[in-house]
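Below is one structure; the comments refer to it alone.
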Amino acid sequence: MRLFIYLLPMRNLAAIILAAGKGTRMKSAMPKVLHECAGLPMLSYPVKALKDAGVKKIIVVVGHSKDDVIERFRSEKITFVEQKEQLGTGHAVMCAMKALRGFKGGVLILSGDVPLITVETLKALKNLHCKGSKILSLITAVPVNPAGYGRIVRDENNAVIGVVEDKDASSGQKKIREINTGIYLISSGFLFANIKKIGSANAQKEYYLPDLVRLAVKGGSNVKALTLLDPEEAMGINNRVELAKASAIMRLRIVNELMLSGVTFIHPETAYVENFVKIGPDAIIHPSVHLGGQTVIAQGCVIEQGAVIRNSHIGKNSVIKSSSVIDASVIGEGAAVGPFARIRPGTVLENHAHIGNFVEIKKSVIGKGTKANHLSYIGDAVVGANVNIGAGAITCNYDGFKKHVTIIEDDSFIGSDSQLVAPVRIGKGAYVGSGTTVTKDVPPGALVITRADEKIIKGWVKKRRKK
Ligand code: UD1
Ligand code: CA
């Protein structure tokens with residue numbers, strides 16, 4: 001019977017994430033777990049890994065700036081519990097026990113500041129745990145520099161018998177290179193029975209969660225350790241140097257995955273691609289490109305150096321040239337943008353539209369095949385297909401009080417250096433002469449021109465020089 005229970009797969013998993021600490025070394029007004037790693041708050045990563053590992057109940061222990069943390073994760077299915085005073089990791093877990101009442105199964109415990117942890121590792125811990133006594137298992141690592149971490153103490157048979165914190169370690173123990181990553185899987189029964197037994201008689205006068213290891217061993221249980229081959233994965237972020245390091249690793253993970261799915265990165269080290277960005281095969285991403293938010297880059301696009309694209313959709317085979325900025329917009333297929341173009345929120349460029357250098361577009365629709373290749377401002381406009389917008393053309397959409405709409409119908413021609421004072425409509429196929437200020441609607445097929453007659457005064461220069 002006993003054997004039978006051991007072999008049962010562990011279906012029931014809950015998790016406690018410790019995130020009540022201040023993160024003093026971040027030197028920040030913002031709680032540590034809200035600092036972003038590759039575009040997401042640090043805490044999102046363990047939450048995501050736990051969900052992917054099949055954990056249904058996630059409890060997050062909050063304390064410092066708890067309201068900010070709760071607010072940021074409002075939409076997630078998380079139970080928050082408060083630890084009013086930060087008396088140590090063991091105490092943080094004590095605070096979470098109420099929320100676990102009635103739960104039977106395995107409890108994963110980890111810190112909110114380990115963004116690089118992967119679902120594969122959590123699953124490996126689960127497997128190892130199921131093979132052992134199913135009381136307590138933990139993840140260890142052997143980093144180059146173990147200073148600051150709790151060290152794993154093993155007996156002469158190499159069995160784990162305890163964890164000693166750096167501040168409590170003897171000089172001999174400080175030489176141990178195997179460290180506690182702070183990630184545990186503990187049976188709920190053992191946790192309920194033992195968490196209150198942890199004391200605070202140590203160098204930091206704190207309730208140390210790893211003391212459970214000694215209690216488990218004392219109770220005759222075999223504690224299993226999963227030793228990571230890659231210590232980076234369990235890296236705890238304590239300051240901004242470590243945050244930058246973890247972000248770089250995270251970004252490289254994202255980019256590597258994209259490369260394996262068929263995207264070319266000319267210089268992966270300098271690509272800044274956030275989580276959730278989707279890129280189709282055969283897209284080419286040049287150096288120093290920033291792709292953020294819910295951006296989608298379709299197949300075959302070329303994104304040139306220095307482009308910044310956020311929350312936008314770029315259609316197939318479009319080219320976004322150097323140093324262009326695109327925000328919350330939709331770009332059609334086969335379109336060209338930039339270099340040095342700025343596409344502001346709410347813009348839709350239809351297929352094969354061409355937007356050139358120093359053109360700013362805001363909340364406008366630009367029709368199929370339309371071109372605005374140089375130095376323009378187009379705001380709150382609806383521009384039809386095959387329109388040519390000359391250099392320096394401007395929609396004057398703001399009268400100092402309100403924004404107004406400009407409508408430019410298909411096949412029209414907007415001459416260089418013209419101003420369209422909104423609200424105004426340029427009819428289909430109409431021509432706006434260069435330098436014109438349009439204030440009235442222009443009927444289809446008409447020419448509008450507001451230019452003073454040109455005067456040529458022969459010999460004027462010579463006369464002036466004589467003076
Ligand atoms: C802890 C472990 C150490 C391990 C290391 C791995 C203990 C006593 N030591 O040390 O063995 O090597 O992690 O990174 O557990 N927290 C609370 N409430 C508290 C105290 C901490 O929620 O009262 C949270 C912190 O916000 C943090 C996590 O627990 O997310 C770890 O706390 P921290 O103080 O960083 O522990 P370490 O000293 O790093
Ligand atoms: Ca830490």
Side-chain angles (χ1 to χ4, degrees), residues 15-26 28 30-35 37 41-47 59-66 68-70 80-97 99 108-117 136 138-143 145-153 160 162-169 173-174 176-184 186 195 198-215 223 225-228 231-239 242-243 246:
I16 302 171
I17 303 180
L18 309 184
K22 189 173 178 199
T24 314
R25 285 164 285 177
M26 294 300 283
S28 175
M30 185 164 69
K32 175 161 85 175
V33 291
L34 291 189
H35 278 263
C37 178
M42 232 188 270
L43 180 60
S44 325
Y45 293 97
V47 167
I59 299 162
V60 177
V61 183
V62 287
H64 274 281
S65 314
K66 70 175 170 60
D68 297 343
V69 180
I70 294 170
F80 289 97
V81 300
E82 187 184 359
Q83 183 193 24
K84 287 207 172 72
E85 247 186 305
Q86 279 66 58
L87 303 176
T89 48
H91 180 259
V93 171
M94 288 175 206
C95 295
M97 295 315 286
L108 271 159
I109 304 180
L110 65 167
S111 300
D113 62 358
V114 286
L116 298 175
I117 191 72
L136 192 156
L138 78 167
I139 301 181
T140 70
V142 186
N145 179 11
Y149 287 102
R151 310 294 208 287
I152 303 296
V153 184
V160 175
V163 175
V164 58
E165 291 306 304
D166 191 73
K167 290 199 173 100
D168 300 283
Q173 288 168 326
K174 280 200 167 131
I176 300 173
R177 287 193 50 216
E178 187 182 13
I179 60 115
N180 170 27
T181 65
I183 303 169
Y184 319 83
I186 306 176
I195 190 71
I198 292 176
S200 59
N202 50 53
Q204 304 185 79
K205 305 275 178 290
E206 279 183 7
Y207 296 89
Y208 289 165
L209 182 62
D211 281 0
L212 285 180
V213 173
R214 226 173 280 278
L215 287 168
V223 169
L226 174 74
T227 305
L228 292 178
E232 268 175 350
E233 206 189 301
M235 179 181 164
I237 310 303
N238 293 312
N239 57 46
E242 289 165 350
L243 178 65

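Read the numbers this way: they start at 1 and go in the same order the structure lists the ligands and their atoms.
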Contact check: [X] vs ligand 1, nitrogen or oxygen atoms, below 3.5 angstrom:
{"X": "L18", "value": "yes"}
{"X": "G236", "value": "no"}
{"X": "A92", "value": "no"}
{"X": "A20", "value": "yes"}
{"X": "G21", "value": "yes"}

Specify side chain, backbone, both or neither for [X], according to which of its non-hydrogen atoms lie closer than 4.0 Å to ligand 1.
{"X": "N180", "value": "both"}
{"X": "A19", "value": "backbone"}
{"X": "T181", "value": "backbone"}

Check: What atoms of ligand 1 come within less than 4.0 Å of a heavy atom belonging to G150?
Finding: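 Those of ligand 1 that fall under 4.0 Å from G150 are 3 (C), 4 (C), 11 (O), 12 (O).
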Notebook entry, point to check: L87 heavy atoms, cut-off 4.0 Å: which ligand 1 atoms fall inside?
Noted result: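 Once the distances to L87 are compared, the set is 23 (O).
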Which pair of heavy atoms, one from [X] and one from [Y], lies closest together, and at what distance?
{"X": "G148", "Y": "D166", "result": "N-OD1, 3.2 Å"}
{"X": "K174", "Y": "R151", "result": "O-NH2, 3.0 Å"}
{"X": "G236", "Y": "Y149", "result": "N-OH, 4.1 Å"}
{"X": "L116", "Y": "A246", "result": "CD2-O, 3.6 Å"}
{"X": "M97", "Y": "I195", "result": "CG-CG2, 3.9 Å"}
{"X": "L243", "Y": "C37", "result": "CD1-CB, 4.4 Å"}

Next item on the list: Could you point out which residue of I183, V142, I139 forms a side chain to side chain contact (heavy atoms under 4.5 Å, CB included) with L228?
Entry: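 The single option meeting the side chain to side chain contact (heavy atoms under 4.5 Å, CB included) with L228 is I139.
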Selection from [options] by shortest heavy-atom distance to [atom]:
{"atom": "atom 7 (C) of ligand 1", "options": "L138, T89, L209", "answer": "T89"}
{"atom": "atom 8 (C) of ligand 1", "options": "Y149, Y184, Y208", "answer": "Y208"}
{"atom": "atom 17 (C) of ligand 1", "options": "Q86, K22, Q83", "answer": "Q83"}

Margin query: Under a 3.5 Å cutoff, is there a donor and acceptor pairing between the side chains of D211 and Y207?
Written below: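 Looking only at side-chain atoms, Y207 and D211 do not form any donor-acceptor pair under 3.5 Å.
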Checklist line | Min side-chain heavy-atom separation H35-M30 under 4.5 Å | finding: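 The answer is yes, as the side chains (C-beta and beyond) meet within the 4.5 Å cut-off.
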Next item on the list: Would you please determine whether E165 falls within less than 4.0 Å of ligand 1 on a heavy-atom basis?
Entry: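 Checking ligand 1 against E165, which is what was asked, there is a heavy-atom contact under 4.0 Å.
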Notebook entry, point to check: Does ligand 1 have an atom that lies less than 4.0 angstrom from a heavy atom of I179?
Noted result: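 Checking ligand 1 against I179, which is what was asked, there is no heavy-atom contact under 4.0 Å.
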Checklist line | Flag, side chain of T89 to backbone of L209, donor-acceptor distance under 3.5 Å | finding: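 Flag set: sc T89 to bb L209 pair under 3.5 Å.
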